[in-house]
Amino acid sequence: MKQYNHRAVERKWQGVWEKKKFYGAADKSKKPKFYGLVEFPYPSGEGLHVGHVRSYTGMDVIARKRRAEGHNVLYPIGWDAFGLPTENYAIKTGQDPRAVTKKNSDNFRRQLKALGLSFDWSREINTSDPNYYRFTQWIFLQFFKRGLAYKAKVPINWCPKDKIGLANEEVVDGKCERCGAAVEPREKEQWMLAITKYADRLAKDLDLVNYPESIKVQQRNWIGRSEGWEIEFKINPTPNPSPKGRGINSPSFGGGEGEVAFGYQTTDPKIWRALQDKTLEMRKNSTEAENVMWQMLRNNSLDCHFRRQHIIGKFIVDFVCLEKKLVIEVDGDIHDYQKEEDRERTEFLEIEGYKVIRFRNEEAVQNISSVKNKIAEILKALSFGEGLGGVIKIFTTRPETIYGATFVAITGKTDRFTGEYAINPANQEKIPIWEAEYVMKDVGTGAIMGVPARDTHDLEFAKKHGLPVKEAPMADQKIWTKIGVKPITTYKLRDWVFSRQRYWGEPIPIIHCAKCGIVPVPEEDLPVKLPKVKNYKPTDNGDSPLANIASWVNVACPRCGDKAKRETDVMPNWAGSSWYYLAYVVHKPKSYDLKAKRLLKKWLPVDWYNGGMEHTTLHLLYSRFWHKVLYDLKLVPGQEPYQKRTAHGFILAADGEKMSKSRGNVVNPDEVIKLYGADTLRLYEMFMGPFGQAVSWQTESIIGVRRFLEKVFRYSEKRKTQNVKQVTPNQKLNSLINETVKKVSADIEAMKFNTAVSQLMICANHFAKAETVVKKDWETFLILLAPFAPHLTEELWATLGHRSSIQLAPWPAYDERQIQAGGVIAVQINGKTRATIGVVEKGAEGRIKELALENPVIKKWLIGKTINKMIYVKGRLINIVVE
RNA sequence: GCCGGAGUGGCGGAAUUGGUAUACGCGCACGACUCAAAAUCGUGUCUCGCAAGGGAUGAGGGUUCGAGUCCCUCCUCCGGCACCA
């Protein structure tokens, strides 16, 4: 008897499929289309993960079933090739990221082909291919033209040690992932995409698609639409004294004559005279840090007038802005004598209503711009309310509680009284404005009215800070109208920061011209190719490494022809994956045609998109956003890109942990294929547990599916020696095969691959034991197994004498009437099964009752009991209810 | 805290959605074949009990002829959002 040689079988059929371009999707077919999509991999140096295998095999099973059902199937794959790991690896090893990407994707392709996945390889895409990103850039320009791409100052994560801006995922616990330095916020001009303009549609159109409810909930949460009411509170025009009582230790200022006469005098003239010499001396002997700080503060770029070595009370502060009551101190070793006083003086200054911030010498010397940013941020917070016309807009869902408002709270990193007061428009009461940690900037207007009597959070806050609690009457609609309560809808979703100061991404196709401003690169000049660079490291000031290539950066303005500069930021990793499902459709060997409407109309929407749970929020939202913009440009048909979305669960290592190189628990698919074969690996991953759930890898369990395939192989060999021509159909096997067709078909649709495989195993077990199995049933079994184990079934199909592929055999139908209910009925007494009876016909209720009561075991149980009623469940059980 | 999901043998997990709990697979034990081993085949494998029978689906209660499944209270674990005004 022949042995099951998986290597030979798999190599043979993979060769045949490739040669015949077996799995190519036909753009011109009349068959109904099916577009199955899986998340294309990031070609990392680690190679294919067994988690990829799970996802891709799952959709492969579905794609193969669809083909057998007569569909024209598009099941494509490609490489999400731009991204940080490759760039970082390139920096570390001095290689060109293109070379790294080529090497990695070659490896991935080899691995995927070894799995026998039915991808249409002729449509393979690579987001880092200039032909591909030409259209990523083109789409960006459409955003720009519609005003959906704009530049704004945004804080970024700045690593002061590596001197680069970090992506959010590179920041772990507020620290740089690689060097561990504390990450600082830094303002930088960034390209933004106005996704918030689509927030409403992104939320609403979830009704149009078939996604699991959990994913819809996640998307809605992320968008964070909240409907409520906005009320304007006027800010009290005359600032009030600071809250903690004033001037306790204050020698004279605050109401003293000095303040009236000289706005800048903040101390008793006597003290001033005593300390003045000292201030002069300090200015002479100032430290480098102080000098740097002063140069920065005096040039007025912060829109605030600062004084140096100024006397407040009995203390000399380094710098002060009197209008904003902001004191800046630079601590150094030279003025040690001051340190002793530090605590006392800070206390004093705070009581006087000053905010005191301190910087260390090194901070000022090494990074004055970061210091400046921090100061600017604080000034912004201090001047809250100015420039708003003295109005603060609060957000509430319960405007009727306005009479109970005892304070207004705005976003703050810590709880702090701002020193300002607001007027409650309903009763003209003056209530304090606080900064509160619990008020979030992304919700509503970022400001609330505190109603401690009606809201537990407000109450907590009021108690903590000694604010009053009122049991107040409710305000009716008339009052709402009078005070201008207006309904508003707000979103938690922010606009999408689209710039990265990196190398390995799509260059943003924009040119900056001194005369014309921001000018888009003309469409015919696309792609703006990523130039080759010697050093991929970002520059010291946080600009992209592209900024260092003068020959690339300096261009003529496309509008006026004058000297201009290219934008040096690149796009984030999300860009290429936001439209890749379109690229497969409009793909031509060397280019793409996004205007190929006929093709887009033919293939869209994606019928079924499977991917990881980790991408169900951002990637899905981003690509839906892009799709909607393209829809508005009349480029794509339909509002939504993906008709149906499912998510597979993670594969964890045997120890229940995440697979990772550092833990040393990574399973390499190559090794499993070598040892057991691709069919075994596919089948194991389908069988290991529920597809949507996380499961641990158990190497010792693989042997089970391998044994199953061997059993199938042996049975095929056994049939060759049998005379199967004169077989009379066996009732039981006939029922079994019909049931198997039914269950496997339904389970594949529901992605319950594990139970589908289990049913196939049951079927094979029966076949192996049976005297004979009719050829048709055996063929049906092979067709059902083919999506899971395409190589072996193709081989066995051929040994039956078929000239054409098993992949072309139609998916079998089943006959419900042929399925028997196991032929056994349970007899229960008061719901407990006491006996079983075999019946020929499952329908005859009267006969079954008779049989049940005749059963000796049941008779025994019924001695001395009265039967109240009997419940018969067709084909399953009969329940005898006694007393 | 809220939202979503889940708790079933030694292990991965089934259960037609209210109808014979523990399918299928791993592991384990015994047997057959073999000089022997591997492979294969067969039998057994929730638990207490010699048996008759009893008990068991995280814990407790409820609805029902009947509950792993539905309802209430509680506990634990995983995932997401993290003070949602």
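Throughout, protein chains are lettered first and strands after them, A, B, ... in sequence-line order, and every chain is numbered starting at 1.
- Straight-line distance between the P atoms of B/rG10 and B/rG79: roughly 26 Å, to the nearest whole Å.
- Here B/rA39 presents its P atom at 7 Å from CZ of A/Arg707, a figure rounded to the nearest Å.
- Looking at heavy-atom distances under 4.0 Å, A/Leu877 makes contact with a base.
- A syn orientation is assigned to B/rU17, its glycosidic angle lying within 90° of 0.
- Here B/rU20 presents its P atom at 18 Å from CG of A/Asn855, a figure rounded to the nearest Å.
- The pair A/Lys742-A/Glu816 counts as a salt bridge, with a side-chain nitrogen and a carboxylate oxygen less than 4.0 angstrom apart.
- Remark: B/rC33 base-pairs with no nucleotide; criterion is Watson-Crick or G-U wobble with both hydrogen-bond distances under 3.5 Å.
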Report all side-chain donor-acceptor pairs from residues 468-475 of chain A shorter than 3.5 Å, counting only partners two or more places apart or in another chain.
unit_1   : atom_1 : unit_2   : atom_2 : d
A/Lys470 : NZ     : A/Tyr403 : O      : 3.2
A/Lys470 : NZ     : A/Glu429 : OE1    : 3.4
A/Lys470 : NZ     : A/Glu429 : OE2    : 2.8

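- Note on A/Val217: only backbone sugar-phosphate atoms sit closer than 4.0 angstrom, heavy atoms only; bases stay farther off.
- Looking at A/Lys464 and A/Glu460, no side-chain N of the basic residue comes within less than 4.0 Å of a carboxylate O on the acidic one, giving no salt bridge.
- Nucleotide B/rA85 holds its P atom 11 Å from the CZ atom of A/Arg398, rounded to whole Å.
- Within 4.0 Å (heavy atoms only), A/Lys492 reaches at least one base atom of the nucleic acid.
- Against the 90° criterion about 0, the sugar-base torsion of B/rG9 places it in the syn range.
- The distance from atom CG of A/Asp458 to atom C1' of B/rC84 is 13 Å, rounded to the nearest whole Å.
- Of the candidate nucleotides B/rG53, B/rA85, B/rU20, B/rU20 has the atom lying nearest to any side-chain atom of A/Ala826.
- Counting non-hydrogen atoms under 4.0 angstrom, A/Asp455 reaches nothing in the nucleic acid.
- If you measure from atom CH2 of A/Trp229 to atom P of B/rA85, you get 15 Å, rounded to the nearest angstrom.
- The listed nucleotides are B/rA85, B/rC26, B/rG13; the one nearest the side chain of A/Ile703 is B/rC26.
- Comparing B/rC70 with B/rG18, their C1' atoms are spaced 8 Å from each other, to the whole Å.
- The side chain of A/Ile871 sits closest to B/rC65 out of B/rU40, B/rG53, B/rC65.
- Residue contacts shown for A/Glu437 include a base, since a base heavy atom lies under 4.0 Å away.
- Other residues, nucleotides and ligands place more than 12 heavy atoms under 6.0 Å from the NZ atom of A/Lys644.
- Of the residues in residues 680-692 of chain A, those lying under 4.0 Å from RNA chain B by heavy-atom distance are A/Phe687, A/Met688, A/Pro690.
- Within the 4.0 angstrom heavy-atom criterion, base atoms lie near A/Val443.
- Of the C1' atoms belonging to B/rA14 and B/rC24, the separation is 7 Å, rounded to the nearest Å.
- A distance of about 12 Å separates the C1' atoms of B/rA67 and B/rU17, rounded to the whole Å.
- Rounded to whole Å, the separation between the C1' atoms of B/rU64 and B/rG19 comes to 12 Å.
- When every heavy atom of A/Val672 is checked against every heavy atom of A/Val667, the shortest pair comes out as CG2-CG1, 4.0 Å.
- Across the C1' atoms, B/rA6 and B/rC28 are found 28 Å apart, a figure rounded to whole Å.
- The side-chain hydrogen bond (donor to acceptor under 3.5 Å, both in side chains) search around A/His49 returns none, not counting sequence neighbours.
- As a whole-Å value, the separation of A/Arg876 CZ from B/rA21 P is 12 Å.
- Look at CD1 on A/Ile837: it is 15 Å from P on B/rU20, rounded to the nearest Å.
- A salt bridge links A/Arg220 to A/Asp207: at least one charged side-chain nitrogen sits closer than 4.0 Å to a carboxylate oxygen.
- Checked against a 6.0 Å centroid threshold, the rings of A/Phe407 and A/Phe461 count as neighbours.
- Note on A/Asn765: only backbone sugar-phosphate atoms sit closer than 4.0 angstrom, heavy atoms only; bases stay farther off.
- Residue A/Trp222 places its side chain closer to B/rC81 than to any other of B/rG25, B/rC41, B/rC81.
- Protein atom NE2 of A/His457 is 11 Å distant from nucleotide atom C1' of B/rA82, rounded to whole Å.
- Two rings, from A/Trp574 and A/His619, have their centers 6.0 Å or more apart.
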